[in-house]
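The next block holds one structure in the form of structure tokens; read it before the comments.
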Amino acid sequence: MPVDLRHVARALISVSDKTGLVEFARVLATHGVELVSTGGTRKALAEAGLAVRDVADLTQFPEMMDGRLKTLHPKVHGGLLAIRENPEHEAAMLAHDIRPIDLLVVNLYPFEAALAKGAPFEECVENIDIGGPAMIRAASKNHDDVAVVVDPDDYAMLVEELAATKGATRLATRRRLAQKAFARTAAYDAAISNWLAQQLGEASPPLRAFGGRLAEPMRYGENPHQSAGFYLTGEKRPGVATARQIQGKQLSYNNVNDTDAAFECVAEFDPARTAAVVIVKHANPCGVAEGATLVDAYAKALRCDPMSAFGGIVALNRKLDADAAREIVKIFTEVIIAPDADEESISIIGAKKNLRLLLTGGVPDARAAGLTYRSVSGGFLAQSRDRAVVDEMILQVVTKRQPTAEELADLKFAFRVVKHVKSNAIVYAKGAATVGIGAGQMSRVDSSRTAAHKAQEAARAAGLTTSLAKGAVVASDAFFPFADGLLAAAEAGATAVIQPGGSMNDKDVIAAADAQGLAMVFTGVRHFRH
């Protein structure tokens, strides 16, 4: 049976992140713990006036090769791996003058930080820690006897435990620390292996791993009977994972998912060119618009589907101002996410204590490389992010009628939006604003009819007698397999269509468009989103 309390007589400390290091080490010293350390860590402890042995005194072997070799030695790993009260292990330690190490404090070379700042290849390689993971895994394996700390956030907890136990660690604590330590090395190795795959241009390497650090446990998942946690991968892409929450209650699982969808959609619109607003409900845009100002764009986006916007997520591509804030808070909104906000708008939103305001510091690059993941039973799917943007596509007019300049601008706008609508996806747009969105239907013609119905309902809500689809353009995320979806759009009053093309029935669809007097553009790019 493992022993519950293990007295800490010796600690090996080697950290790159020295947050709270000296204070923690002082506590260890008050419990009579012998401190052993390496390089910069030993120097920091010695300068603080603490008695600390160099690991080279332990190993009788100097640090060399620019610090690459210092802890990979039997006197270190034997001290971590030896099972206490095991006669054979005790005999080996005695024969080779190996003393036990009861506490290991290690955090790894900052590889992820080097990667995030875009360091050169050689610098990233030098930030790959070898001795650290080896020691962490050794101590974690032997957690019945050894405690391992890989995160400065755990110092306070261990200080309390040492005080309560008069200098010992509990078995339950050692096991929790071991779990965290194994997860840390797994996430670290995942970051390195994924980086190397990217450097090699391997889209699907034979083994793929990923890891994350818990940002916060969530009250529940998609539904109250499901548990959930929000984990960060370290990717520096501006968004919900990297945002600063200014106010409001804790984000829910669905809030995070929907906010990410909203901000990724608004990233399609260059803030230097135009103000843009996206309103999302259940991961689908229910209103998207451009405008001269944010308040103008918000009003146009809200008009598309004011009923669905209630309780939705609002994403902005520019700094939130007071005019826009006043309009947004007029209806119940779950989350506002923006690159920044002025003090007046923050004050306005502050009156709604449950409304979350997230500031990201920037807008994600719609063209930037990255991976997306989805779990399936027994595995997961990994793919590159959809980086295709309509401005870089070769647009082919396939009908007799050419689109007007106004139609072409709206067609491009609609195709930016349809990329972020669940397939099958149909988007009606007019005047740089959505006027009807059909999402997630099993057939494209149903999505066309749903979008047309939404446009009619939006007109009624605005007190108009004519559907907003009249004179609008239509975007489809994939080709029309038959003419029926296109004819539904024409029936609703659409004048122009943008779609990928590529169907066996393209000729029939083009003929139907010509018969209806529609202009139609092919992009050659599909935007399925499931």
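Index from 1, following the sequence.
Looking at K422 and D477, no side-chain N of the basic residue comes within less than 4.0 Å of a carboxylate O on the acidic one, giving no salt bridge. Salt bridge R385/E235: present, at least one basic N to carboxylate O contact under 4.0 Å. A salt bridge is absent between R184 and D151: the closest approach of a Lys/Arg side-chain nitrogen to an acidic carboxylate oxygen does not fall below 4.0 angstrom. Ion pairing between K117 and E123 holds under the 4.0 Å rule for side-chain N and carboxylate O.
When side chains are defined from C-beta on, V256 counts as touching M218, because their heavy atoms get closer than 4.5 Å. For the pair K419/V389, a side-chain contact is recorded, criterion being any heavy-atom separation below 4.5 Å from C-beta on. Contact annotation: the side chain of F415 approaches that of M393 to within less than 4.5 Å [non-hydrogen atoms, C-beta and beyond].
Taking the six-membered ring where the residue is Trp, F413 and F269 present tilted rings, their angle falling between 30° and 60°.
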Steps toward side-chain hydrogen bond (donor to acceptor under 3.5 Å, both in side chains) verdict (S252, N254): CA-CA 5 Å; S252 71; N254 292 326; 5.2 Å; no

Residue pair R237, E264: steps toward the salt bridge (charged side-chain N to carboxylate O under 4.0 Å, His left out) verdict: CA-CA 10 Å; R237 186 175 179 84; E264 288 294 324; 2.9 Å; yes

Candidate pair S16 and N107, rule side-chain hydrogen bond (donor to acceptor under 3.5 Å, both in side chains), full reasoning: CA-CA 6 Å; S16 59; N107 51 62; 3.1 Å; yes

Trace of the side-chain hydrogen bond (donor to acceptor under 3.5 Å, both in side chains) decision for D296 with T293: CA-CA 5 Å; D296 177 44; T293 64; 5.2 Å; no

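Distance alone, capped at 3.5 Å, places no donor-acceptor pair between the N142 side chain and the A138 backbone.
Atom NZ in K352 sits 14.5 Å away from atom CG in L357 (nearest 0.5 Å). The distance from the CG atom of D129 to the CG atom of D189 is 10.0 Å, given to the nearest 0.5 Å.
More than 12 heavy atoms of other residues, nucleotides or ligands shown are found within 6.0 angstrom of CE on M157.
Listed by first then second residue, pairs satisfying side chain to side chain donor-acceptor pair (under 3.5 Å) with a partner in residues 274-292 read R273-E290, not counting sequence neighbours.
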